[in-house]
Amino acid sequence: MKVVKSVKEMHLISGQLRLDGKKIGFVPTMGYLHEGHLSLVRKSKENSDITVVSIFVNPTQFAPTEDLDKYPRDFERDEMLLNQENVDFLFYPDKDEIYPEGFSTFVEVGEITKVLEGESRPNHFKGVTTIVSILFNIVKPHYSVFGQKDAQQASVIRKMTSDLHFDIEIEIAPIVREKDGLAMSSRNVYLNQKEREDALVLSKSLYLAEDLIKKGERDFNVIKEKMIGVISQAETAYLDYIQAVESDSFSKVNLFEKGKSYFVLIACRIGRTRLIDNLLIQIN
Ligand code: AMP
């Protein structure tokens, strides 16, 4: 695996790969890698000739009050893990390489970015779509994989890719979980032992929702009340939102209809750590 730090060099490499007729797969990350990230890498390797992974903790998607400075980092470990997966290129630019002095151009997606994560974290998606556009332009992938863990982000990227006519196939890969159900996240490292136990209420409440839907419940308000009951069992949990949305448009729903698919999404602070999780459901 070759580590590339300069934008200019990455441009040259991806340009040449395209001239050589190679299909480039791309997995953007913020590092501190876990099995969730590696599942995306494996998907990219299955579906392309050359896989590029980027590690860049993107400052423009963090609010001043958020955890940019303490976001976990371990480049050596990440490099080793990606080597083991036989990744071809690791793009690892410095902040100033991506955002030189005077940078002032942003990419903003409409409606879908205004709800849920967009409401709780204003400007977050503007930072995400800006960095992903920049990385798409540098890496020039044919194919790029995102995780359902960040379901709204994945939909925002799909919308941006379609609206801006990026000629890139976007794939969304399922959530990878710890054995006890907690969705893997780089931020889980912030949790102390008590919080780690409490964090299970996210996945537990989603499993409860799944069970109720399987048993025929179609009223999301009924389901939500029961989910809140699960969350309230954890002392350190502070609920941000629980919401059901149509899986394509992300418009909010209260009643599930036959033949449609939905996300049930949850965002919850466990102590000082904000965690998100979701469930994709198909109503038959
Ligand atoms: P991040 O490093 O948090 O920016 O995540 C990079 C990519 O990995 C995003 O597309 C995430 O949705 C995806 N990802 C993060 N956690 C998981 C997980 N537990 N399962 C699957 N994909 C994940």
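Just follow the structure's listing: the first ligand is 1, and inside any ligand the first atom is 1. Small disclaimer: the values here were computed from a predicted structure and weren't measured. All residue numbers in this chain count up from 1 along the given sequence.
With ring centers used as reference points, Phe263 lies under 6.0 Å from Phe250.
Sorted by first and then second residue, the ring-ring contact (aromatic ring centres under 6.0 Å, His included) pairs involving residues 166-194 (not counting sequence neighbours) are Phe136-Phe166.
When hydrogens are left out, the protein atom nearest atom 22 (N) of ligand 1 is Gly147 CA, 3.6 Å; that is the closest non-hydrogen contact. The nearest heavy-atom contact from the protein to atom 23 (C) of ligand 1 is Lys149 CB, 3.8 Å. With hydrogens left out, the protein atom closest to atom 21 (C) of ligand 1 is Pro174 O, 3.4 Å, a heavy atom. For atom 20 (N) of ligand 1, the closest non-hydrogen atom on the protein side is Val176 N, 2.9 Å. For atom 11 (C) of ligand 1, the nearest non-hydrogen atom of the protein is Asp150 OD2, 3.1 Å. Leu40 CD1, 3.6 Å is the protein heavy atom nearest to atom 13 (C) of ligand 1. Nearest to atom 5 (O) of ligand 1 among the protein's heavy atoms is His37 NE2, 3.5 Å. The shortest contact between atom 4 (O) of ligand 1 and any protein heavy atom is with Met30 CG, 3.5 Å.
With Phe106 as the aromatic partner, Lys126 meets the cation-pi criteria of under 6.0 angstrom to the ring centre and within 45 degrees of the ring axis.
Comparing Tyr71, Tyr32, Phe146 against atom 3 (O) of ligand 1, the shortest heavy-atom distance belongs to Tyr71.
No side-chain donor from either of Tyr262 and Glu246 sits under 3.5 Å from a side-chain acceptor of the other. No donor-acceptor contact under 3.5 angstrom links the side chains of Glu79 and Asn83, judged on distance only. In this model, a donor atom of one side chain and an acceptor atom of the other lie less than 3.5 Å apart for Thr236 and Asp198.
Heavy atoms of Ser185 found under 4.0 angstrom from ligand 1: none, in either backbone or side chain.
Set against the non-hydrogen atoms of Thr29, the atoms of ligand 1 under 4.0 Å away are 2 (O), 6 (C). If you number the atoms of ligand 1 from 1 as listed, the ones under 4.0 Å from a heavy atom of Pro28 come out as 6 (C), 7 (C). Per-residue contacts place Met184 under 4.0 angstrom from the following atoms of ligand 1 (heavy atoms of the residue considered): 16 (N), 17 (C), 18 (C), 19 (N).
For the ligand labelled ligand 1, residue His34 lies inside the 4.0 Å heavy-atom shell.
Lys22 contributes no side-chain N or O that, together with a main-chain N or O of Asp49, makes up a donor-acceptor pair within less than 3.5 Å. Arg269 places no side-chain N or O within 3.5 Å of a backbone atom of Asp240 that could act as its donor or acceptor partner.
Taking Tyr241 as the reference, Glu117 meet the side chain to side chain donor-acceptor pair (under 3.5 Å) condition, with sequence neighbours excluded.
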